[in-house]
Amino acid sequence: MPETLAADVVRLAEPSSHPDGEPFRALSVKNVQALAERYRIPGRDVEITALKSNILPQRYSRNMKAFSLRQQAELLGSSVTVVGLGGLGGTVAELLARTGVGTLHVVDGDRFEESNLNRQALCTEETLEMTKVSAAVNRIRAINSSIVVSPHETYLTEETGPSIIGDSLAVVDCLGGVTERFMLEKAAKQAARPLISAAMAGLSGHVTTIFPEDRGLELIYGNPRDLPSDGAEAVLGCPPQTMNILASCQCSEVVKVLLKQENVLRNRMLALDLEDYTFEIVSLYP
Amino acid sequence: MTDHITLKLFASLKAFTPANPDRFPIAPGTTVGDLIESLGVPAEEVKLVFVNGVKQERTVPLKAGDRVGIFPAVGGG
């Protein structure tokens, strides 16, 4: 069977070219979907097979040369868990789907309400009252049907965390509030997976990546026992421009972690403030 | 002789930004903790202080030209 799929991929590939004129062989969305149906496999697996034959699924053509074909295949073979599908998580889920991360676990027990409309990418007037998970599944499938989506309509807990995280190579902390994040950090550490965490209030925010052996959130927030459940966002709110830039930085970190690239914000934090355009990398160890 | 530092307060702590954050005078020997107190920032609201891009504890003394950033707990997502 695999030889047949590979042969079909080669047969259906079409000549195309990058904007700079460099030619490549492309596989269209329509053909990926047709092969996925014919072989009863996720589109992701069709795309990985194509990439191994140096055929680029057209939907990822503008990801080049940020990634090589091999790296695109690696991303398609990877699984990521997004915990929280509000302001950060909705955008993270969408960006990872467009990037072509092959398996997405999406976790949230909440439904949309009107106060989410200012910033949560998955919240529209039509999705009000819907569960955040079902909106995420619909959005990811609408953008990229090749991706395997695993919905978890629940709040992740320390107990359920490791089984939800499963074989994910990275966990994205898109929770709201402060104290819940420490629970998620514990779960990610138990699952021995890196956690990419971002948080904001008003025009300020920060993002960091925590590996299981790192001290992590306590370096940013101090002792969790001394923390209120909500941070400064209770007063300053959550405007969308701060949310989206942080979600974007989280996706950048996910890609670096999955591809084992350098310059991950490990034991470091990007602190930003859009009011005066402060962007500073902070080393979290003195 | 007075030393000067650069100050950046984030999120809810912005309200405590002095008039001259880019050239804020400090007495010699002023520590991070002294600075927080002199700004009137409630100590328990400060969760992270970084000096010249490195996290520091309250006991660390400041020197001329230091860039100090102060973050409260933020959890919005």
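What you see below is based on every heavy atom in this structure, not just the backbone, and it leaves out hydrogens, waters and symmetry mates. Below, chains carry the letters A, B, ... as their sequence lines are ordered, and counting in each starts from 1. Quick caveat: nothing in here was measured; it's all calculated off a predicted structure.
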**Spacing of CG belonging to B/Leu48 relative to CG belonging to A/Leu284, to within rounding of 0.5 Å** = 6.5 Å
**Prompt:** Got more than 12 heavy atoms from elsewhere within 6.0 Å of NZ, A/Lys186?
**Reply:** no
**Closest contact, heavy atoms only, B/Ala11 versus A/Leu236** = C-CD1, 3.3 Å
**Message:** Need one label for A/Met200: side chain, backbone, both or neither, based on atoms under 4.5 Å from any heavy atom in chain B.
**Reply:** both
**Under 4.5 Å from a heavy atom of chain B, the part of A/Val235 involved** = neither
**Asked** Is it the side chain or the backbone of A/Leu246 that comes within 4.5 Å of chain B heavy atoms, both, or neither?
**Response** neither
**Message:** Heavy-atom cut-off 4.5 Å, strictly under: side chain, backbone, both or neither for B/Phe71 against chain A?
**Reply:** side chain
**Prompt:** So does A/Glu129 have more than 12 non-hydrogen atoms from other groups sitting under 6.0 Å from CD?
**Reply:** no
**Item:** Interchain contact, A/Cys238 with chain B, by part (heavy-atom threshold 4.5 Å)
**Value:** side chain
Note each donor-acceptor pair with a separation under 3.5 Å, taking one atom from chain A and one from chain B.
{"unit_1": "A/Gly87", "atom_1": "N", "unit_2": "B/Gly77", "atom_2": "O", "d": "3.0"}
{"unit_1": "A/Leu88", "atom_1": "N", "unit_2": "B/Gly77", "atom_2": "O", "d": "3.0"}
{"unit_1": "A/Gly177", "atom_1": "N", "unit_2": "B/Gly75", "atom_2": "O", "d": "2.8"}
{"unit_1": "A/Arg181", "atom_1": "NH2", "unit_2": "B/Gly75", "atom_2": "O", "d": "2.8"}
{"unit_1": "A/Met200", "atom_1": "N", "unit_2": "B/Gly76", "atom_2": "O", "d": "3.0"}
{"unit_1": "A/Met200", "atom_1": "O", "unit_2": "B/Gly76", "atom_2": "N", "d": "2.7"}
{"unit_1": "A/Ser204", "atom_1": "OG", "unit_2": "B/Ala11", "atom_2": "N", "d": "2.9"}
{"unit_1": "A/Leu219", "atom_1": "O", "unit_2": "B/Lys55", "atom_2": "NZ", "d": "2.9"}
{"unit_1": "A/Tyr221", "atom_1": "OH", "unit_2": "B/Val74", "atom_2": "O", "d": "2.7"}
{"unit_1": "A/Asp226", "atom_1": "O", "unit_2": "B/Lys47", "atom_2": "NZ", "d": "3.4"}
{"unit_1": "A/Ala232", "atom_1": "N", "unit_2": "B/Ala73", "atom_2": "O", "d": "2.9"}
{"unit_1": "A/Glu233", "atom_1": "OE1", "unit_2": "B/Gly75", "atom_2": "N", "d": "2.7"}
{"unit_1": "A/Glu233", "atom_1": "OE1", "unit_2": "B/Gly76", "atom_2": "N", "d": "3.4"}
{"unit_1": "A/Asp273", "atom_1": "OD1", "unit_2": "B/Lys14", "atom_2": "NZ", "d": "3.0"}
{"unit_1": "A/Asp273", "atom_1": "OD2", "unit_2": "B/Lys8", "atom_2": "NZ", "d": "2.4"}
{"unit_1": "A/Asp273", "atom_1": "OD2", "unit_2": "B/Lys14", "atom_2": "NZ", "d": "3.0"}
{"unit_1": "A/Glu275", "atom_1": "OE1", "unit_2": "B/Lys14", "atom_2": "NZ", "d": "2.8"}
{"unit_1": "A/Asp276", "atom_1": "OD1", "unit_2": "B/Lys8", "atom_2": "NZ", "d": "3.3"}
{"unit_1": "A/Asp276", "atom_1": "OD2", "unit_2": "B/Lys8", "atom_2": "NZ", "d": "2.8"}
{"unit_1": "A/Glu280", "atom_1": "OE2", "unit_2": "B/Gly53", "atom_2": "N", "d": "3.4"}
{"unit_1": "A/Glu280", "atom_1": "OE2", "unit_2": "B/Arg67", "atom_2": "NH1", "d": "2.9"}
{"unit_1": "A/Ser283", "atom_1": "N", "unit_2": "B/Gly53", "atom_2": "O", "d": "2.7"}
{"unit_1": "A/Ser283", "atom_1": "O", "unit_2": "B/Lys55", "atom_2": "N", "d": "2.8"}

**Item:** Heavy-atom closest pair, residues B/Ala73 and A/Leu227
**Value:** CB-CD2, 3.8 Å
